[in-house]
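Let me begin by presenting the structure, written as structure tokens, before commenting on it.
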Number of protein chains: 2
Amino acid sequence: MSTVTPEPTPGGLRPLNPDEEAVARCLNRMIYALPRAIDADMVREQGLPLVEYLALMNLSEAPGRQLRMNELATACEMSLSGMSRVVQKLERQGFIQRVRCEEDARGWNALLTDAGLARLRQAWPAHLAAVRRHFFDHLVGLDMKKLAAAMQQIAT
Amino acid sequence: MSTVTPEPTPGGLRPLNPDEEAVARCLNRMIYALPRAIDADMVREQGLPLVEYLALMNLSEAPGRQLRMNELATACEMSLSGMSRVVQKLERQGFIQRVRCEEDARGWNALLTDAGLARLRQAWPAHLAAVRRHFFDHLVGLDMKKLAAAMQQIAT
DNA sequence: CATCCTTGCTTGACGAAGCAACTATACGGG
DNA sequence: CCCGTATAGTTGCTTCGTCAAGCAAGGATG
């Protein structure tokens with residue numbers, strides 16, 4: 001942006017200071033590189049894409065091991081239609097079962113099967129390793145408490 | 001992951017401590033939400049997808065405002081084929097011109113046109129605002145220098 | 001209880017991005 | 001100088017994810 005920065009800042013937008021600037025540059029790269037790297041590791045080592053892993057994970061933590069499609073989609077940061085397709089795929093593999101929602105017959109619950117839980121347990125170390133390798137291992141010297149607070153905000 | 005964590009940790013993999021755990025949870029969400037949010041803002045406010053913005057930005061910083069396809073793809077964290085199509089699109093809009101590489105006739109340089117530079121200048125406040133809104137505004141209390149160092153590592 | 005609107009989810013169509021196959025050029029060894 | 005191999009980029013095909021339309025069920029209003 002150096003060829004652009006000299007422009008007068010429009011709209012009263014405070015420009016980034018040098019440190020923020022450096023962070024922003026990395027952010028641009030990280031935004032694309034990180035999800036791909038973690039997903040690629042999961043696929044290579046476990047044949048389980050990251051979205052599918054996250055779906056299983058979220059279900060495993062839900063009461064009764066089940067969630068409405070809606071909630072699952074939100075938890076996985078996905079559109080409802082996208083999640084619908086992911087669940088179809090996981091159902092075909094036997095990791096999820098779809099059951100009608102009792103309180104509202106329009107709704108469906110995605111229910112984690114025993115096979116799905118087993119799959120999650122099998123895949124979990126690979127995910128942990130990938131997240132360590134691509135993320136935590138580089139965070140030396142950072143205050144984890146503050147970082148956790150900041151990231152909680154970002155993810156909202 | 002609470003239903004899974006009690007499992008014995010395989011492969012001598014150190015589990016995450018509670019703070020790391022919290023960070024990891026947010027990371028999972030952030031990985032998907034952040035790029036989509038920033039891209040959506042750019043498209044809404046400027047009609048310019050984030051990848052295209054980054055392509056223009058990287059070119060603007062390159063010597064002679066040009067880069068080999070290869071280098072541009074790497075800079076944007078994209079595959080060569082993907083970048084090929086992005087450049088085609090930007091060329092059709094007149095923001096980029098493709099010129100044969102002088103040292104190597106197999107190669108092509110993507111050259112940022114004056115129109116492209118103008119487009120970049122027009123779009124960058126939106127990008128800055130989006131990055132602020134979705135990222136920096138939540139980073140209160142974090143050491144930017146340390147964060148920059150950490151993120152530089154991650155992006156490698 | 002008939003009608004109308006809303007809501008939850010699925011499906012069709014489409015765009016974006018990757019891989020693999022292809023084309024064109026470069027370069028090294030006979 | 002010619003051939004085989006390596007490299008730069010593009011294109012065909014597939015996959016994935018979104019939006020918009022459709023369908024089925026709930027809920028309100030007369």
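Below, chain A is the first sequence line, B the second, and so on; all start at residue 1.
Here the P atom of nucleotide C:dT10 and the CG atom of A:Leu90 are 13 Å apart, to the nearest Å. Rounded to whole Å, atom P of C:dT11 lies 10 Å from atom CE of A:Met69. Regarding B:Leu50, its CG atom lies at a distance of 16 Å from the P atom of D:dT18, rounded to whole Å. Atom CE of A:Met78 is separated from atom P of D:dG17 by 4 Å (rounded to the nearest Å). Note: CG (A:Leu54) to C1' (D:dC16) measures 15 Å, nearest angstrom. If you measure from atom CD of B:Gln66 to atom P of D:dG9, you get 12 Å, rounded to the nearest angstrom. Whole-Å rounding puts the B:Leu80 CG to C:dC19 P distance at 11 Å. Between A:Asn109 atom CG and D:dA25 atom C1' the separation is 15 Å, expressed in whole Å.
In terms of position along DNA chain C, the nucleotide closest to A:Ser81 lies nearer the 5' end than the nucleotide closest to the other residue of the pair A:Arg36 and A:Ser81. The residue among A:Tyr32 and A:Arg85 whose nearest nucleotide of DNA chain C is located toward the 5' end is A:Arg85. Of the two residues near DNA chain D, A:Met83 and A:Arg106, the one whose nearest nucleotide lies more 5' is A:Met83. Residue-to-nucleotide proximity on DNA chain D shows that, of A:Ala105 and A:Glu77, the 5′-proximal contact is made by A:Glu77.
B:Leu117 is connected to B:Phe95 through a chain of hydrophobic side-chain contacts under 4.5 Å among Ile, Leu, Val, Met, Phe, Trp and Tyr, so both are in one cluster.
An OP1 or OP2 oxygen of D:dT11 is reached within less than 4.0 angstrom by a side-chain nitrogen or oxygen of B:Gln88. At the phosphate of D:dG9, OP1 or OP2 sits under 4.0 Å from a side-chain N or O atom of B:Arg68.
Salt bridge B:Arg106/B:Asp104: present, at least one basic N to carboxylate O contact under 4.0 Å.
For A:Asn70, counting side-chain heavy atoms from C-beta on, the closest listed nucleotide (C:dG8, D:dG9, C:dA17) is C:dG8.
Residue side chain A:Ser84 does not reach the base of C:dC9 through any donor-acceptor N/O pair under 3.5 Å, judged by distance alone.
Looking at heavy atoms from C-beta onward, B:Ile38 lies in side-chain contact with B:Leu34 at the 4.5 angstrom threshold. Between A:Met144 and B:Val23, some side-chain heavy-atom pair lies under the 4.5 Å cut-off. Using a 4.5 Å heavy-atom threshold, the side chains of B:Ile154 and A:His134 count as separate.
Within the 4.0 angstrom heavy-atom criterion, base atoms lie near A:Gly82.
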